[in-house]
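Let me begin by presenting the structure, written as structure tokens, before commenting on it.
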Amino acid sequence: MADPMYWNPVLETLPREKIRKLQLKKFRKIFQWAYDHSKFHRKLYDDAGIKPDDIRSFEDIRRVPTVEKSMMRDIQGKDPFPYGDALCVSLEEVTIFRQTSGTTGQPVYQPDTWQDWEWWMECWSYILWAQGYRPRDRVFIPFGYNIFVAFWAGHYAAEKIGCEVIPGGVLDTKARILKIRELQATAMMGTPTYILGMAETARTKMDIDPSQLTINKITCAGECGASIPSTKKRLEDAWNAKVYDHAGATEIGAWSFECTAQPGGMHVNEALFLVEIEDIETGEIIEEPGHRGKMIITALDRQAQPCVRFDSKDVIEWAAEPCACGRSARLIKGGVVGRADDITKVKGVLLAPSAIEEVVRSVDGLGDEYEVIVDKVGDAERIQLKVEVLDEAQDQCRLIESELADQLRLKTNLRYDIEICGCDTLPRYEVKAKRFKDLRKPKSEK
Ligand SMILES: [Zn+2]
């Protein structure tokens, strides 16, 4: 018998009006739950003059105040220690501590109950099944199991759907590659940066061609890369594997995924999450495709520390067309295209760092790493871009530099001071890369 196509055939093909009805019903329930069980939420909603019974439509939901990461930081360390009063269950019911990765400041603590943890695994089961993971897969997880959630839930979901899981844990990159070869692993998960770095290590330090190994699919998360066409292509060529994007966050859950149809975007798992897109300037909710805004998201089933209209700062837009895979959950075009925090004005032009990545990774002869520094020289703003030229392309440096400058100007409308570096001179990252440095801001705002 052929494999079933969907992890949850009912929810994944539910007609749109039924999905919306389900979302509204679940939103009312989680809102009531947060209101009844957390002082933090009750005060927030009382101050805004909104009560659970007031919520009857999606328009009513828009009146519910959003929660910012900084608000969660402020209550942290208070009672009930260490989570503060957004906690909706007793401390006895909390079974797992995690924290955010701290990329954008002091990490935020995240408690989960066992029921929440099972929900995490369920969210990830949709992702893996949609990306073609099946019980016959042998999944290698090249991840330093740590205090933030990253691939933990992916690990358990892979077990849940019946795959065989190899925890790569504290092995170093070379040992991981050898283990993949030894056990003939078929799939793996990692940040795009790390998966590219692994391929480079295999090729340049071990004389192993990663495209000859048995990996046939890779799930990427943690950065936008797998939805950036030129980065996806580099990843897929390096490993001779299909590469799929996924976005999730510690304080939200695993909310979106690319499917095997590779539709140029990711599905929002709308049976489990409510995603709203807010216009950054007007604050209006955007329903139409083709207009970018920041994501306001609600995890419809998460209980210990609810995520109700969380202001994620992820910049996304709805896709115009449904996906060929038959899932009714909407697609966001091009995945998460940036962070509202990262999109910055340079020389009066709006610049998204992911646009620079797209260009750098599309130019032949360049390595995978790059670094961008925005600073001021006197009153003038300057963008420095450091790239690595591959050894075999050293004699074409000038040609590469001029192509890069042309493409950047076309794509971003800005001029860059390009610095060509030798192979392996820029920093390498295992988890989230920090390639964009804005030195114009005072320290406290970083
Ligand atoms: Zn699809």
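Predicted model only: the values in this text are computed from it and were never measured. Along the sequence shown, the residues carry numbers beginning at 1. Ligands are counted one by one from 1 in listed order, and the atoms in each one are counted from 1 as well.
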Between K179 and E182, is a salt bridge (Lys or Arg N to Asp or Glu O under 4.0 Å) present by the stated rule, with each step listed? CA-CA 5 Å; K179 206 43 115 180; E182 176 190 335; 3.2 Å; yes

Would you confirm whether the ring centroid of [Y] sits within less than 6.0 angstrom of the ring centroid of [X]?
X	Y	value
H246	F257	no
Y145	H155	yes
F273	W119	yes

Within the 2.8 Å cut-off the protein N, O or S neighbours of the Zn ion (ligand 1) are C259 SG, H267 NE2, C323 SG, C325 SG

Name all pairs fulfilling the ring-ring contact (aromatic ring centres under 6.0 Å, His included) condition that reach into residues 315-344, sequence neighbours left out, sorted by first residue then second. none

Closest heavy-atom pair and its distance - V243, K232: O-NZ, 2.7 Å

